[in-house]
Number of protein chains: 2
Amino acid sequence: MAKDHPLKKTTKGGAAAGLRGRIWIDGKEGTFLGYGRAILLERIREHGSITKAAKSMEMSYRHAWQLVDSMNRQCSRPLVESATGGKGGGGARLTEAGEKALMLFWEFYADLQEFLTREEKVFGDTLAGITAQTGGRG
Amino acid sequence: MAKDHPLKKTTKGGAAAGLRGRIWIDGKEGTFLGYGRAILLERIREHGSITKAAKSMEMSYRHAWQLVDSMNRQCSRPLVESATGGKGGGGARLTEAGEKALMLFWEFYADLQEFLTREEKVFGDTLAGITAQTGGRG
DNA sequence: ATGCGTAATATACAACAGGGAATAACGAAA
DNA sequence: TTTCGTTATTCCCTGTTGTATATTACGCAT
């Protein structure tokens, strides 16, 4: 559960070297949407609550709330709408703008994966020659 | 001097939203080469010394040395060769492997910039609609 | 042998991000 | 009115990261 995020730089097994990349959508205050925030939004949609969403990804409520707040502050229409009190104590839901932002990010993200795969093919050999130069001709 | 690195997430002026990306070459221990390390290597080549390279980019010698050490530990042929003592007290120089790695990284980096520009064109409108939804119909 | 400027290394210190816990506000339902 | 679970907010603690500083090793030049 959220243990081998693409964000963690493990490279535990397999090839010695590889290419890694990360993307963000920037807003007025800096990061607007990145991988972690995108996952958080999905969990909010799934659980209908910031608390549960945070727990589901082993994140503190404090941090989750700060991220949601940061995202909402950076666009005219909030990505997440929340209600305090009421049935179940309240909750949070993804708005239409949230859905759109999420969709855009995942497309961007998919393009990055494609990009990285392409680059791996281009640089793979040269890369191997640098990190594990066994038979090279200096 | 090294004040508005591409790494800093400033977005101080201009457009409200934009796409940002970052890349790394991974090795056995995690990050092998990234933007900061690449700059460091270039400064070492330029100054012939880790000390001066570090100073030139407002980085502590300790940190610079750790980065160099990390890079050298992750490839068979070290990227940086250093000598202690001697004329000028010693120094450090970029090896052939270092030059190759640097060249590879900058190509990778240039491809990323191209990728980001392309993505900006694709998502620009949708993005503006999310962060500054003025005339939307929702 | 001494001086010099660097590499290499250890220790202490500061800054910052994030976690944990505590608390108040809230509003539907019982 | 009381209960309940969540949002919203605050304070403190901790781990990590990097800076600052001090010390030693080194080897050429004088």
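In what follows, chains carry the letters A, B, and so on, assigned in the order in which the sequence lines appear, proteins first and then strands, with residues in each chain numbered from 1. As the structure is a prediction and not an experimental result, all values here were calculated from the model.
Distance CD (A:Glu81) to C1' (D:dT7): 14 Å, rounded to an integer number of Å. Straight-line distance from the CG atom of A:Leu67 to the C1' atom of D:dT7: 16 Å, rounded to whole Å. Going from atom NZ of A:Lys55 over to atom C1' of C:dG20 covers 12 Å, rounded to whole Å. As a whole-Å value, the separation of B:Lys52 NZ from C:dC4 P is 16 Å. The nearest whole Å value for the distance from the CD atom in A:Gln66 to the C1' atom in C:dA17 is 9 Å.
With DNA chain D read from its 5' end, the first of the two nearest nucleotides for A:Asp69 and A:Gly88 is the one closest to A:Gly88. Residues B:Gly48 and B:Arg62 each lie close to DNA chain C; by heavy-atom proximity, the contact nearer the 5' end of the strand is made by B:Gly48. Two residues, A:Met59 and A:Thr84, neighbour DNA chain C, and the one matched to the more 5' nucleotide by heavy-atom proximity is A:Met59.
Distances from the side chain of A:Tyr61 to the nucleotides D:dA8, C:dT6, C:dA8 place D:dA8 closest. Nearest to the side chain of B:Lys87, among C:dT6, D:dT9, D:dC28, sits D:dC28. Set against D:dA8, C:dG18, C:dA8, the side chain of A:Trp65 has D:dA8 as its closest nucleotide.
A:Met103 and A:Phe105 fall into different hydrophobic clusters, where Ile, Leu, Val, Met, Phe, Trp and Tyr residues are linked whenever their side-chain heavy atoms come under 4.5 Å apart, directly or through other members.
A:Leu67 CG to A:Leu79 CG: the interatomic distance, rounded to the nearest 0.5 Å, is 12.0 Å. Of the inter-residue distances, the one linking A:Arg43 atom CZ with A:Arg45 atom CZ reads 11.5 Å to the nearest 0.5 angstrom.
Distances shown here put every side-chain N or O of B:Ser49 at or beyond 4.0 Å from the OP1 or OP2 atom of C:dG5. Phosphate proximity of C:dG19 to A:Ser60: present, with a side-chain N or O under 4.0 Å from OP1 or OP2.
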Apply side-chain contact (heavy atoms from CB on, under 4.5 Å) to B:Ile130 and A:Ile25, showing your working. CA-CA 11 Å; B:Ile130 292 169; A:Ile25 301 175; over 6 Å; no

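Across all strands shown, B:Ser82 has heavy atoms under 4.0 Å from sugar-phosphate atoms exclusively, and none from any base.
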